[in-house]
Amino acid sequence: MDLQTRIGDVQRRCIEHGEALMTEEAAKTALVMPFIQALGYDVFNPAEVIPEFTADMGTKKGEKVDYAICREGGVAILIECKPSTIDLTINHAGQLYRYFSVTDARLAILTNGKMYKFYSDIDQTNRMDSEPFFELDMAAVKARDVRLLERFTKSGFDVDAIVQEAGALKLLRLIRQELTKELEAPSPEFAAVIAKRIHDGRMSAGLKENFARQISEAFNAIVRDQVNLRLSSALQATTEDEQEPESQAGDAEIVTTEEEIAGYRIVQAIAAKTVDPKRIVLRDAKSYAAILLDDNNRKTVARLHFNGASVKYFGTFSDKDETRHQVNGPEDIYKLADMIEARLVELKS
């Protein structure tokens with residue numbers, strides 16, 4: 001079972017049981033331990049995963065971090081858990097801060113089972129950063145999230161690559177923050193850079209103010225154009241023949257979205273109870289993405305109608321009849337697990 005499927009199974013647990021977990025211990029048992037297992041670590045091997053890890057320092061005695069993942073005899077990742085009913089803030093990371101500086105760990109995770117915040121020491125070696133470099137929301141796991149998680153697995157662990165990636169992610173976040181500020185209210189410095197490229201004369205105060213205003217309007221126009229382009233493409237897709245063959249000469253125009261991939265992975269995770277998940281295949285078309293058993297278009301498990309501008313549907317099957325269920329996003333597929341499992345039993349018989 002690949003990482004995407006294992007994470008999908010944890011995601012299903014989170015959606016089904018998250019609201020019922022009122023204590024920290026419940027969140028640890030039902031959500032965090034399965035997450036650690038999904039990364040390939042044996043939670044019952046104390047040489048690999050140490051629960052209630054203690055490393056006394058200074059006047060602080062008896063404080064514990066919930067889990068320490070070990071590699072080659074040293075602590076590699078520290079994990080601090082909180083109840084799934086609270087929203088995580090940096091105030092919940094006090095123990096991680098203290099333990100980070102007295103262990104070999106360069107990675108730390110703060111979690112409530114639903115949200116995972118990943119920290120490193122990008123700003124200052126051996127001192128945990130105040131901001132996470134990566135946040136994983138189990139209600140909306142994306143393909144790129146799983147690609148990053150691969151580096152945290154037992155088989156793919158590479159602390160240097162993770163820290164390098166963490167630095168790049170932090171830089172990207174900071175750049176986006178600055179660009180967002182310029183988008184909302186262009187600074188005089190930014191306006192001056194643009195003005196110099198298109199205006200040769202002297203810049204009066206009024207002209208600078210006019211440039212700043214026009215830059216803001218130009219930004220907004222670019223965003224509107226991009227949104228309208230995407231909406232037009234989606235509307236065009238929903239008006240096409242729903243029975244369009246899965247394979248056509250125009251396949252080059254088909255783009256499989258992250259939501260479709262997430263939906264496919266969730267179906268794979270559900271199917272793992274009944275069949276080998278490798279037998280579940282995604283075949284995309286212009287108007288829908290088909291999920292097939294054994295890559296056989298006569299064995300349709302489900303369809304993802306996610307191209308609509310405002311409404312998404314998940315299609316389940318009984319014999320040749322399709323029933324469409326309106327969904328808010330891929331995570332709603334878990335609510336239809338019984339129908340997916342019943343379809344797989346039908347296709348196997």
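No hydrogens, no waters, no symmetry mates; every other heavy atom, side chains included, goes into these values.
- Between Ser84 and Asn112, the side chains place no donor N or O within less than 3.5 Å of an acceptor N or O (distance only, hydrogens not considered).
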Side chains of residues 171-179: which donor-acceptor partners sit under 3.5 Å, not counting sequence neighbours?
| unit_1 | atom_1 | unit_2 | atom_2 | d |
| --- | --- | --- | --- | --- |
| Arg173 | NH1 | Pro132 | O | 3.2 |
| Glu178 | OE2 | Lys181 | NZ | 3.3 |

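- Figure legend: cation-pi geometry between Lys299 and Phe317 absent, as NZ or CZ is not positioned both under 6.0 Å from the six-membered ring centre and within 45° of its axis.
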Verify side chain to side chain contact (heavy atoms under 4.5 Å, CB included) between Phe44 and Gln37, making sure each step is shown before the conclusion. CA-CA 10 Å; Phe44 302 109; Gln37 287 180 309; 3.9 Å; yes
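- In this structure, a donor-acceptor pair under 3.5 Å is present between the side chains of Thr5 and Asp2.
- In this structure, Ile77 and Phe118 have side chains that are not in contact, with every pair of non-hydrogen atoms separated by 4.5 Å or more.
- A salt bridge does not link Glu48 to Arg71: none of the charged nitrogens lies less than 4.0 Å from a carboxylate oxygen.
- Between His305 and Tyr288, the gap from one ring centroid to the other is short of 6.0 Å.
- A donor-acceptor contact under 3.5 angstrom links the side chains of Tyr264 and Gln268, judged on distance only.
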Evaluate salt bridge (charged side-chain N to carboxylate O under 4.0 Å, His left out) for Asp332 paired with Lys335, printing each intermediate quantity in order. CA-CA 6 Å; Asp332 284 353; Lys335 300 174 184 177; 3.5 Å; yes
If you apply the rule side chain to side chain contact (heavy atoms under 4.5 Å, CB included), what do you find for Phe133 with Glu165, and how did you get there? CA-CA 9 Å; Phe133 67 86; Glu165 180 90 1; 5.9 Å; no
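- At a cut-off of 3.5 Å, with distance as the only test, a side-chain donor of Ser187 or Glu182 sits close to an acceptor on the other residue.
- Every residue was checked against the salt bridge (charged side-chain N to carboxylate O under 4.0 Å, His left out) condition with Asp137, not counting sequence neighbours, and none meets it.
- Side-chain contact between Val32 and Pro34 is absent, with no heavy atoms from C-beta onward closer than 4.5 Å.
- Here the rule is side chain to side chain contact (heavy atoms under 4.5 Å, CB included) with Phe53, and of Ile69, Val75, Asp66 only Val75 fits it.
- Separation of the Tyr116 and Phe35 ring centroids falls under the 6.0 Å cut-off.
- Counting only distance, with no hydrogens or angles, the side chain of Arg127 and the backbone of Tyr97 share no donor-acceptor pair below 3.5 Å.
- Between Met138 and Glu331 there is no side-chain heavy-atom pair separated by less than 4.5 Å.
- Annotation: side chain of Tyr67 is in contact with side chain of Lys28 (closest heavy-atom distance under 4.5 Å).
- For the residue pair Tyr334 / Gln11, a side-chain donor-acceptor distance below 3.5 Å is found, with atom types taken as modelled.
- The list of salt bridge (Lys or Arg N to Asp or Glu O under 4.0 Å) pairs with a residue in residues 184-197, not counting sequence neighbours, is empty.
- Formation of a donor-acceptor pair under 3.5 Å by the Asp121 side chain with backbone atoms of Met128 is not found in this model.
- The existence of a salt bridge linking Arg303 and Glu322 is confirmed by a sub-4.0 Å separation between a basic side-chain nitrogen and an acidic carboxylate oxygen.
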